[in-house]
Amino acid sequence: MRGAVLHAPGDVRLDTRDDPRIEHPTDAIIRLAATCVCGSDLWPYRGIEAVDGPVPMGHEYVGVIEEVGAEVTTVKPGQFVIGSFFASDNTCEICRAGYQSRCVHAELIGAIGTQAEYARIPLADGTLVATPAMPDDKLVPSLLAASDVLGTGWFGAIAADVAPGKTVAVVGDGAVGLLGVLAARELGAERIIAFSRHQSRQQLARAFGATDIVTERGDEGVAIIKDLTGGFGAQSVIEAVGTQESMMQAIRSTRPGGHVGYVGVSHDVTLPGDELFFSAVHLHGGPAPVRRFLPDLIDRILTEAIDPGSVFDLTLPLNQVAEGYKAMDERRAIKTLLQP
Ligand SMILES: [Zn+2]
């Protein structure tokens, strides 16, 4: 089969890879209906994360089951399925508490690489959620978004304790931040303030429910959030970047007693204990347990209550994967959908 492989920073190619096969009786093989490039794929692409020789890429996926292992009972060949970027058994104590991304048997789908024609999905019973019927083609991008960016933005909103009537601020205008805006709206936030300097992203943030846009960042941005909230700060802040600046911007934008939901993959963030102590904010986040939210998100997509697929502003055939990365790296695209 053909699949994307990162050879070195800036060098991603569509190579011939081994066809996946059932390795464990709990595996399934899926034929990808669509896949995409994640903001987190740009960390190794930019050389910020070390690249250890040629590595397969991609961890977001929707597709049709081709084959299942002998122990798989809840999904079967021919079904359209969605899963998260962590495979999980969905039965251990951590999964049952709703933290499937930290399942005791968790496996990273990124190591398998779903920017490809086929993929082996471990722990298929726990990982995959099937749609009731073959979905309409127009809903496939939204279902693909549920695999990571929607589920991650949703967790950011849940971790930030978004609830009806609250004021929410969102740090980060990538796909996760934008879908954090959508999640905040769906969860009943009254006011949603999106930090963004890019016009196309501001428009999408407004379409997803942002009521205010703040173009300043860092402490200037924090000062504006304070101005907009009677000097208090927001009650809920979603952090969707993962840098020192964005994390401090999120904490400082939150009022005492408020909640920060941090879902940007942390890169060299160091928190000052004294400031954290006196901030009196709740911090919760980490790798989103997307599997927890999938049944609800799939239902909202199939009933067309939400349209998260509009974060994909570039669609390319899989053989143009290099251009898909380049467009996101140069911020010409918010998110690239790849068609195998
Ligand atoms: Zn588990």
Side-chain angles (χ1 to χ4, degrees), residues 20-30 32 35 38 40-41 56-77 79-114 118-132 143-161 176 179-180 183 240 242 261-266 282-301:
R21 53 181 188 79
I22 300 286
E23 292 177 15
H24 304 285
T26 47
D27 289 345
I29 304 298
I30 64 166
L32 275 294
T35 181
C38 185
S40 65
D41 294 332
M57 294 298 288
H59 54 265
E60 295 154 286
Y61 56 99
V62 290
V64 176
I65 296 185
E66 290 271 312
E67 187 186 355
V68 295
E71 289 176 20
V72 175
T73 59
T74 62
V75 289
K76 55 180 199 264
Q79 283 184 317
F80 189 95
V81 289
I82 300 122
S84 159
F85 48 89
F86 270 110
S88 56
D89 58 21
N90 212 27
T91 55
C92 76
E93 194 163 327
I94 303 298
C95 282
R96 282 185 282 119
Y99 287 84
Q100 289 91 338
S101 54
R102 296 303 317 277
C103 172
V104 297
H105 297 118
E107 286 187 53
L108 258 179
I109 302 290
I112 289 164
T114 59
Y118 296 90
R120 179 181 69 87
I121 307 299
L123 304 170
D125 278 333
T127 305
L128 296 173
V129 179
T131 55
L143 292 166
L144 176 62
S147 177
D148 180 354
V149 282
L150 173 62
T152 297
W154 201 272
F155 175 59
I158 296 280
D161 202 38
V176 170
L179 291 169
Y262 58 98
V263 289
V265 180
S266 185
H282 300 74
L283 290 185
H284 184 36
V290 173
R291 176 65 182 81
R292 190 204 310 178
F293 309 110
L294 279 179
D296 175 42
L297 298 179
I298 290 168
D299 186 57
R300 289 174 195 256
I301 291 164

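These numbers were taken from a predicted model, which means no experiment stands behind them. Order of listing sets the numbers, starting from 1, for every ligand and every atom in it. Each residue takes its place number in the sequence, starting with 1.
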**Student:** Which residue pairs satisfy the salt bridge (Lys or Arg N to Asp or Glu O under 4.0 Å) criterion with at least one member in residues 80-92, sequence neighbours excluded?
**Tutor:**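 Passing the test, one end in residues 80-92: no pairs.
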**Student:** Are the side chain of S84 and the backbone N or O of R291 linked by a donor-acceptor pair below 3.5 Å?
**Tutor:**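 No, the answer is negative, given that no donor and acceptor are paired below the 3.5 Å cut-off.
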**Student:** Only distances under 3.5 Å count here; give the side-chain donor-acceptor pairs of residues 96-104 to other protein atoms, sequence neighbours excluded, each with its distance to 0.1 Å.
**Tutor:**
from	atom 1	to	atom 2	distance (Å)
R96	NE	T91	O	2.8
Y99	OH	H284	NE2	2.9
Y99	OH	R292	NH2	3.4
Q100	NE2	N90	OD1	2.9
S101	OG	P287	O	2.7

**Student:** For residues 56-74, which residue pairs pass the salt bridge (Lys or Arg N to Asp or Glu O under 4.0 Å) check, not counting sequence neighbours?
**Tutor:**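 Every salt bridge (Lys or Arg N to Asp or Glu O under 4.0 Å) pair that includes a residue of residues 56-74, provided the two are not neighbours, is R31-E66, E60-K335.
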**Student:** What's the spacing between L128 CG and Y61 OH if we round to 0.5 Å?
**Tutor:**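 Reported value, rounded in 0.5 Å steps: 5.5 Å.
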**Student:** Any sub-3.5 Å donor-acceptor pair from S147's side-chain atoms to I82's backbone N or O?
**Tutor:**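 It does not hold such a pair.
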**Student:** Just the protein N/O/S atoms under 2.8 Å from the Zn ion (ligand 1), please, no waters.
**Tutor:**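 Metal shell, protein only: D89 OD1, C92 SG, C95 SG, C103 SG.
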